[in-house]
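Below you'll find the structure, written out as C-alpha cells, and then a few comments.
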There are 2 protein chains.
Amino acid sequence: MQRYFTNKQNGNTFLLNDADYYHIKTVMRMTDNDNIEVVFKNEVYLCSLAFVGNNIIVNKMTKLDSQKDLSKEIILIIPLLKESKMDYILQKATELGVSKIIPIDMERSIIKLDKSKETKRIDRWTRICKEASEQSMRVTIPIITELKSWHDIFDIDGAKMLCSTVEKDNTIKMFLQSIKNYDRIIIVVGPEGGISPSEEKLLISHDFKPVTFGNRIMRVETAPLFVLSSINYEFME
Amino acid sequence: MQRYFTNKQNGNTFLLNDADYYHIKTVMRMTDNDNIEVVFKNEVYLCSLAFVGNNIIVNKMTKLDSQKDLSKEIILIIPLLKESKMDYILQKATELGVSKIIPIDMERSIIKLDKSKETKRIDRWTRICKEASEQSMRVTIPIITELKSWHDIFDIDGAKMLCSTVEKDNTIKMFLQSIKNYDRIIIVVGPEGGISPSEEKLLISHDFKPVTFGNRIMRVETAPLFVLSSINYEFME
C-alpha cells in the first residue's frame, strides 16, 4: 500500500503536503475510500481517503504493526559528489536503512557547494530521502545535515570505520564482527581516489578504524551501498 | 592505471578495439611510452604505448600479479527491466564480482524485448560490463546471455536461491552460511512486485530456496546489489 509521511494531524485526520496530495490524486489516481498508510511520529496508521471538493481528507483508521528499522543507528559520512551520484547514494542508502548522512568537504572532492544554494540542495536531498523512505516502507526518514568539516564529527560516539584505499589486512567483516555491542556505527566513505593520506591520518587519530573491502574495487557511489548491505547482512535478525 | 581487455595479440603486442584506442588517445590523452594494463586470457600485462602515425602500438612488458576474482561463480538471473535500471544493475553487478547474467522474460516484467533488437541490446550490455570490469580492475568480464526462459536454467548446478516476497523465516544469511561448499551460486531476482506465485512454486520445485532480506524492502535494481554485497561479505577472505 502507498505510504506517506507527515508530522501534522488534526483531530482524527492527517494533513499531508501538497506534493503528496498531488501524488494521491494525479499519480495514483485514488478515489473515495481508497486506503493509504500514513507514518506519524514513527508509527504507521491505516487511513482511508475522502475527496471533498478540491480537498483530500485523510481519515485515521487503525494503527498498524510497523516494520522494525535497523537496530543500530548508522551515520554515513560522504564527500560532495556530482548531483546524480549524490541523489543515487541518498536513495539507495535510505532503502538500506541509513539513519543520518553528513556531507563533508573532503580534500580530493572536486565538487564544491555554493553556499547560497545549500538550503535548496538540502531540501532536495531531504525530499529524495522522504520518497525513498515511503517506497521502502520505513518508519523514519534519514536526516541530511548541512555541509560539515572533519572537526564537526569527531565528538560523535560510536563504532568508527573508514573505507581505506591503503589498508590491506583489516576487512570490513572483521570490523563489523568486532562492534556487536555498539548502538551507533559511523562510516566514512571517500571521493574518487579515496580520502587523502593526511585525512586518513587525522581520522585514525580520532579512533576511526581503516578497513578494506578485500579484492573489490568499487566506484565512489557503490562503496556506501556495499557497506550498508554488509551491515544489514551482519546484523540481520 | 588504465586497464583494457583484449583477446587479440600479435607477437609481443596486443591489439585493442577502436573504442579503446579512441579512449587512450582522445579521452586519456596518453602519449609515447605511457603505460597501460592489458588483460589477455585472464592475465594482466603491463604494457607501454608507442604512437606510430595514426596507429597505437601496445607493447607487452611484464605479466603482473592480478587481483583475485571471487572464489565462487555467481550467476544472476534478472527480469527484463527498463534500460536505465538494466544498465545500472549490469554495471554494479560487475563491480561486485558477478560471473554471468541471464535475463529472463518473467511473468510480471512489463518490459518486452524486441527480438530484432536483441543482438544490439546484448552488445550494449556486454560493453557496459567490459567498461565496468576495466574500471573495477577485474580480470574477467561477466557474460550476458540472450533472453532465456525458466526451463533453460533448471539444468545449471549450484546453490540456488530466489529472492522471495513471501518467505518470512529463511534469511539470505542462513542460506549463504549453508552453502560454503558450493562453487557456484545461482540467484533469481524478480521484477517490481516480485516473481509470481506460480513462478515461485516452479522454482522451488527445481531446488531454488526462497530467502528473505529481513526487514528491508528494496527497489528491483537494489536487490541484486544487496545480494552480491552479501556474498562478497560472507565469503570475504
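Below, chains carry the letters A, B, ... as their sequence lines are ordered, and counting in each starts from 1. These values consider heavy atoms only, across backbone and side chains, with no hydrogens, waters or symmetry-generated copies. Every value quoted in this text rests on a predicted model; they were computed, and no experiment measured them.
Atom NZ of B:K41 is surrounded by 12 or fewer heavy atoms from other residues, nucleotides or ligands within 6.0 Å. A 6.0 Å sphere centred on CG of A:L64 holds more than 12 heavy atoms belonging to other residues, nucleotides or ligands. In this structure, A:D183 places its CG atom where only 12 or fewer heavy-atom neighbours from other residues, nucleotides or ligands lie under 6.0 Å away. More than 12 heavy-atom neighbours from other residues, nucleotides or ligands sit within 6.0 angstrom of CD1 on A:I156. Heavy atoms from other residues, nucleotides or ligands lying under 6.0 Å from NZ of B:K201 number 12 at most.
Scanning all heavy atoms of the two residues, the minimum distance from A:Y88 to B:L225 falls at OH-CD1, 3.9 Å.
Between B:E95 and A:R216, every side-chain heavy-atom pair lies at or beyond the 4.5 Å cut-off. Looking at A:M236 and B:N215, their side chains never come closer than 4.5 Å, going by heavy atoms from C-beta outward. You'll find the side chain of A:F226 reaches within 4.5 Å of the side chain of B:L96, heavy atoms only.
With values rounded to the nearest 0.5 angstrom, A:Q91 atom CD is found 6.5 Å from B:T222 atom OG1. Distance CD1/B:I172 to OH/A:Y233: 6.5 Å, rounded to 0.5 Å.
Residue B:E221 touches chain A through its side chain alone, counting heavy-atom pairs closer than 4.5 Å. Looking at A:E234, both its backbone and its side chain come within 4.5 Å of chain B, counting heavy atoms on both sides. Contact of A:K173 with chain B is made through backbone and side chain together, with heavy-atom distances under 4.5 Å.
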